[in-house]
Amino acid sequence: MANVCDILIIGGGVAGLSAAAALSEHARVAVLEAEEQIGFHSSGRSATMLHYALGDRLVRALTLASRGFIEAPPDGFGDVPLGRRMPVLVHAREDEREALDSLDAEISLFARLERLDAHGVHELCPLLREDALYGIADLNGIRLDPHALLQGFLRQLRDRGGALHTGARVSSIERNSGIWLATSQAGAQFSAPVLVNGAGAWADAVARLAGIEPLGLEPKRRTIITFDAPPGTDLDRLPFAKTVGDELYFAPESGRLFASPMDEVPSDPIDAQPDEYEVALAAWRMQERTVVKVERIHSRWAGLRTFAPDRHPVAGFAPDAEQFFWLAGQGGFGLQTSPAMARIVASLIAGEPWPIADVSPEELSPDRFARQAA
Ligand SMILES: Cc1cc2nc3c(=O)[nH]c(=O)nc-3n(C[C@H](O)[C@H](O)[C@H](O)COP(=O)(O)OP(=O)(O)OC[C@H]3O[C@@H](n4cnc5c(N)ncnc54)[C@H](O)[C@@H]3O)c2cc1C
């Protein structure tokens with residue numbers, strides 16, 4: 001006997017859970033998650049920042065539209081703050097100055113930036129090498145607590161009568177008489193008229209199970225290492241510091257530092273593991289751009305950032321199937337855009353008003369790939 005509801009969501013990461021919480025205001029929702037715990041994949045492995053130095057206009061607009069929720073979550077979301085202030089510093093050498101100028105112009109449409117000279121850069125981040133001559137700083141950056149965010153969405157879902165099924169790896173999907181039937185590897189069955197595909201790096205694989213054309217999503221591995229800061233470093237005052245190009249970022253992390261070489265290594269959808277090369281690259285780039293010598297790596301991890309071909313997120317009904325909704329391609333910005341994306345899903349599926357004037361449904365629709373190909 002199948003578990004019956006109105007909307008089935010595959011994927012218990014931030015995309016699936018945030019959408020589930022929003023949709024459960026309108027319908028009976030069930031989330032199916034393959035792992036035994038939520039956030040086991042990308043949502044639990046990120047750099048946990050909300051900032052405007054990644055993506056483009058669309059991603060920044062979604063980030064800005066999400067910020068209010070992160071700063072003041074609704075009653076009942078949870079007792080723990082979803083983040084804390086951490087300045088974001090983007091720095092540049094002389095040869096990178098032009099790139100910094102154009103990033104400054106783009107971000108300034110969304111956030112108030114301080115323009116820093118070499119003195120200002122080193123005052124904010126004393127660990128940078130002397131060749132960091134220019135900087136832009138967003139003093140209102142937010143270091144997110146992904147656990148609090150995921151738990152809050154889960155609490156909302158449950159308070160509104162929705163359900164999460166963990167250990168439910170969907171291995172077959174059929175549609176009969178207007179109803180989707182998803183069956184897990186263990187044989188549990190779930191049915192609903194609407195199916196949301198929020199399976200992160202596996203979203204194309206889930207579509208194939210349903211006989212739907214994949215979008216060409218590309219999971220890309222990113223690596224993070226943690227290590228000791230030099231003795232005497234005031235970790236509480238350090239920013240999230242990033243090169244203007246995609247080379248290196250680092251920030252304080254639980255009494256140490258973390259760093260990423262900002263790698264984007266194409267990967268299959270798997271339980272991503274750090275590769276020795278990128279681990280060494282992170283340590284080497286720390287030494288290239290900062291005065292920190294990485295003597296011993298304390299911990300390391302990797303996660304997948306999954307992009308649609310145009311690096312914009314996808315939210316919309318599939319053009320080639322009834323009531324199959326794509327929610328994919330959250331790339332490197334899925335946490336910081338999740339509150340706005342959830343409202344967008346609630347608009348497209350449950351008829352809530354469209355939440356963001358600066359973003360159109362067409363920009364997010366999976367139809368855009370067919371339009372581009374035509
Ligand atoms: C190193 C790194 C740094 C990052 N930094 C940031 C940052 O600073 N800010 C930010 O906003 N974002 C950041 N991100 C990106 C962010 O983590 C992702 O965009 C986001 O977590 C994607 O969420 P998701 O729910 O789509 O994917 P996931 O969290 O991977 O969730 C998808 C879920 O679907 C489940 N699933 C798959 N197939 C099935 C199936 N057949 N049946 C049932 N369940 C299934 C999986 O088990 C998984 O739990 C970073 C990511 C990485 C890796």
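Each ligand, and each atom within it, is numbered from 1 in the order the structure gives.
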Please verify whether a non-hydrogen atom of A168 lies at under 4.0 Å from ligand 1.
yes
Carboxylate-amine/guanidinium contact D310 R368, below 4.0 Å
yes
Which is closest to atom 33 (C) of ligand 1 by heavy-atom distance: H51, R221, E33, H41?
E33
Enumerate the atoms of ligand 1 whose separation from the nearest heavy atom of T48 is less than 4.0 angstrom.
7 (C), 8 (O)
So which protein heavy atom does atom 51 (C) of ligand 1 come closest to, and at what separation?
R305 CG, 3.5 Å
Nearest-contact summary for atom 40 (C) of ligand 1 - protein heavy atom, Å:
V170 N, 3.7 Å
Is ligand 1 under 4.0 Å from a heavy atom in the side chain of I10, in the backbone, in both, or in neither?
side chain
Just let me know how W301 lines up against ligand 1, side chain, backbone, both or neither, with a heavy-atom cut-off below 4.0 Å.
neither
Going by the closest heavy atom to atom 10 (C) of ligand 1, which one wins out of S46, G332, A199, P146?
G332
Have a look at ligand 1 and work out which part of Q330, if any, has a heavy atom under 4.0 Å from it: side chain, backbone, both or neither.
both
Any nitrogen or oxygen of A201, side chain or backbone, less than 3.5 Å from one on ligand 1?
no
Can you tell me which residue and heavy atom of the protein come closest to atom 21 (O) of ligand 1, and the distance to 0.1 Å?
S43 OG, 2.9 Å
What residue and atom, counting heavy atoms only, is the protein's closest point to atom 38 (N) of ligand 1, and at what distance?
W202 CB, 3.4 Å
Answer yes when R115 and D101 have at least one side-chain N-carboxylate O distance shorter than 4.0 Å, and no when they do not.
yes
Is it the case that ligand 1 has an N or O less than 3.5 angstrom from some N or O of G16?
no
Specify the protein heavy atom at minimum distance from atom 5 (N) of ligand 1: its residue, its atom name, and the distance to 0.1 Å.
A47 N, 3.0 Å
So for F40, does at least one of its heavy atoms come nearer than 4.0 angstrom to any atom of ligand 1?
no
So which heavy atom in the protein is nearest atom 8 (O) of ligand 1, and how far is it from that ligand atom?
M49 N, 2.9 Å
